[in-house]
Amino acid sequence: MSTPLRVLIVEDSEDDAALLVRELRHGGYDPTFERVDTSAATKTALEQRAWDLIISDYSMPQFSGLAALALMQQLGIDLPFIIMSGTIGEEIAVQAMRAGAHDYIMKNNPTRLIPAIERELRDAKIRQDRRQADEMVKYLAYHDALTALPNRTLLHDRLQQAILTAQREKKPVALLLMDLDHFKEINDTLGHDRGDRLLQQVGSRLGKTLRESDTVARLGGDEFAVLLPLAESEHATLVARKIMKALEEPFVIDNLPIAVEASIGIALYPDHGENADSLIQRADVAMYVAKHAKSGFMIYRPELDQHSPKKLALMGELHQAIEHDQLRLHYQPKIDFKTRRVTGVEALVRWQHPERGFIPPDQFIGPAEQTGLIGPLTEWVLQTAIRQCRTWRQAGTSLNMAVNLSTRNLQDPQLPRQLAKVLDACAVDAGCLELEITESAIMMNQANAMDVLTRLNAMGVGLSIDDFGTGYSSLAYLKRLPVGTIKIDTSFVIGMATNENDRVIVRSTIDLGHNLGLKVIAEGVENKESWQQLRDWGCDAAQGYYMSRPLPATDLTTWLSTSPWGFAVG
């Protein structure tokens, strides 16, 4: 069966064009074609129709192959461009290739035509896939994967721009931070999938209450932000009331009505802060007070800052927990798709507070980074994880150990030296350790990050990019990083079952990683269907509840010897 091919023929000779079409048909193609021989006709054809390929004569009475090539480039079109001429010499052929032509064929020797077309179509598909992946990654760097709303990075940028505009026009800017009340209970009761769909509906409903010039962003978890450029406090208060009103009607998920309440904090430029960071911090304080006062919303006042010590108190308790070994590590296996066996584990910190009970990592890791406690916390995690790695290896269980690094860790030039000491003290080879770094942490200070990563790589430590696709901005920079693995973010993997965009993202990321020579691991594999789909797409390894939840070391040792995914210990 012939392969359809849309080909634009730039040729003044009808006979030569007919011979070319016949050659294409003999080569197994079913061409749809148009012949043009002027600049205007070529421009019209390129603008009005989609083409797979351009084949052009080099010299024509009213036009030329190089002019056609330049026109295609001016229009921003990337198509395979092959020059086919009876007069072209080697010098002119080189000139044409330098100008951007992909190949040249002599009319009196068309045997190279079909192989050249096959090669250039294949290369064009690779270029297209890479462009799509690049565009997707750039989009995801500034948007939340779950709701498609602007993320924290884009909000910060827009807030800074709004402040600059407000400075020129001597007008205020309002920032609202919103947190859903009791969202953890909704997640625990109805499940994370329904919780995610609830967040999507909340984001959609927020957008419908605002002006086109306003920005709704999701900052993470159940926290949203609303930016109101050139807005007085009265307008900010009105918007807060509209949001509260919009949330009154129950949300319906799988025919279940879910009541949602929210707490909103409001901060204004220039009254409460003169830069983006100070406004975000003060809106957060106001939101915290509104939540505990059950007042719905609150405008920041300096006296509200007295409520912040509760967070500081938690950090004081975390300091004690580190010093007195009150934290615990759980380990989640990574499973190789080809062998269906464990290749390593990821160490995840857990805090079981003696009075408050289990405290989720997202409630203490972020504040630890802000207060400087992330250094001692990371040191404790590294020491504990590496000691456990040694214990397993002494028992005959060879598992690589992955540990997460934060933004501040990656900016610490002492990290490689400190890590080398821990590895040496525990007599564990650096190749047994893998450090996982988020994309946003790398982009925070690229020069420092590159220096630290290069030194870690020189030690033999493995490096991987965690939550890939949620905060990166440059594929060109990614290619220069000394990393060996990328991990596809959980949100995309879970979304594959219901969201075509997530399927495209996951498959493109696997192809992109392999094209760059990287190993690809999928996080959040929660069912057999996801496992099979990722396997079929050539993903290298996976983590997720379908195989195993994160487990304490003793439980994981038992799991390794009893699970079909594990292997005999000892």
Side-chain angles (χ1 to χ4, degrees), residues 139-140 142-159 161-162 165-166 171-183 186-187 190 192-269 279-280 283-284 286-287 290-291 294-299 470 491 495 498-502:
Y139 174 83
L140 293 171
Y142 294 102
H143 292 81
D144 172 57
L146 178 66
T147 63
L149 293 173
N151 62 10
R152 184 181 293 271
T153 301
L154 184 53
L155 173 75
H156 195 279
D157 288 349
R158 289 187 179 177
L159 181 53
Q161 292 302 316
T165 302
K171 292 185 178 181
V173 172
L175 176 68
L176 286 65
L177 290 192
M178 185 187 87
D179 186 82
L180 302 185
D181 298 337
H182 313 299
F183 182 71
I186 293 174
N187 253 349
L190 301 179
H192 288 274
D193 177 64
R194 287 175 174 154
D196 285 347
R197 282 186 279 162
L198 174 62
L199 293 173
Q200 290 171 334
Q201 290 192 23
V202 168
S204 176
R205 201 176 288 187
L206 285 177
K208 293 175 182 177
T209 67
L210 303 171
R211 305 171 300 185
E212 188 174 339
S213 59
D214 302 330
T215 294
V216 182
R218 181 180 176 228
L219 306 187
D222 60 336
E223 190 173 12
F224 293 82
V226 174
L227 169 61
L228 307 175
L230 308 179
E232 305 278 355
S233 61
E234 292 79 7
H235 180 63
T237 300
L238 175 64
V239 170
R241 294 186 188 279
K242 286 176 64 177
I243 291 173
M244 304 297 289
K245 182 70 175 176
L247 297 178
E248 285 182 358
E249 183 179 349
F251 294 83
V252 179
I253 309 290
D254 293 338
N255 296 321
L256 294 172
I258 303 173
V260 170
E261 295 179 346
S263 299
I264 299 173
I266 303 171
L268 294 121
Y269 165 87
L279 285 178
I280 292 171
D284 185 60
M287 181 181 70
K291 181 179 286 288
K294 300 186 183 302
S295 61
F297 67 90
M298 183 78 67
I299 297 178
T470 62
S491 60
T498 57
N499 189 309
E500 180 61 26
N501 285 338
D502 286 340

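Residues: numbered from 1 along the sequence shown. Predicted model, so just to flag it, every value in this text is computed and none were measured. These numbers come from the heavy atoms of this one structure, side chains and all, not from hydrogens, waters or symmetry mates.
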Atom of [X], atom of [Y] and distance for their closest heavy-atom approach:
X      : Y      : answer
Leu268 : Ala231 : CD2-O, 3.7 Å
Ala262 : Leu247 : CB-CD1, 3.7 Å
Asp502 : Ser491 : OD2-O, 4.0 Å
Asp222 : Phe183 : OD2-CB, 3.2 Å
Gly203 : Phe224 : CA-CE2, 4.0 Å
Ile299 : Ala286 : C-CB, 4.2 Å

Side-chain donor/acceptor of [X] to backbone N/O of [Y], under 3.5 Å:
X      : Y      : result
Arg152 : Gly220 : no
Gln200 : Ala148 : no
Glu223 : Leu177 : no

Check your understanding: For Arg241, does the CZ atom have more than 12 heavy-atom neighbours from other residues, nucleotides or ligands under 6.0 Å away?
Key -> no
Problem - Atom NE2 of His182: over 12 foreign heavy atoms under 6.0 Å - result: no
Under 4.5 Å between any side-chain heavy atoms of [X] and [Y], yes or no?
X      : Y      : answer
Ile253 : Gln201 : yes
Arg194 : Ile258 : no
His235 : Pro172 : no
Leu159 : Ile280 : yes

- Message: Let's go through Lys294 and Asp181 carefully: what are the C-alpha distance in whole Å and the side-chain angles of both, what is the deciding distance for salt bridge (Lys or Arg N to Asp or Glu O under 4.0 Å) to 0.1 Å, and is it a yes or a no?
- Response: CA-CA 9 Å; Lys294 300 186 183 302; Asp181 298 337; over 6 Å; no
First locate atom [atom1] of [X], then atom [atom2] of [Y], and finally report the distance between them rounded to the nearest 0.5 Å.
X      : Y      : atom1 : atom2 : answer
Leu227 : Asp157 : CG    : CG    : 11.5 Å
Asp196 : Asn499 : CG    : CG    : 11.5 Å
Leu198 : Leu190 : CG    : CG    : 8.5 Å
Leu228 : Leu210 : CG    : CG    : 7.0 Å

Can you tell which of [options] makes a side-chain contact (heavy atoms from CB on, under 4.5 Å) with [X]?
X      : options                        : result
Phe251 : Leu256, Val260, Ile186         : Val260
Arg218 : Leu155, Asn151, Leu146         : Leu146
Ile266 : Leu176, Leu175, Val226         : Leu176
Leu206 : Thr147, Asp214, Leu149, Val216 : Val216

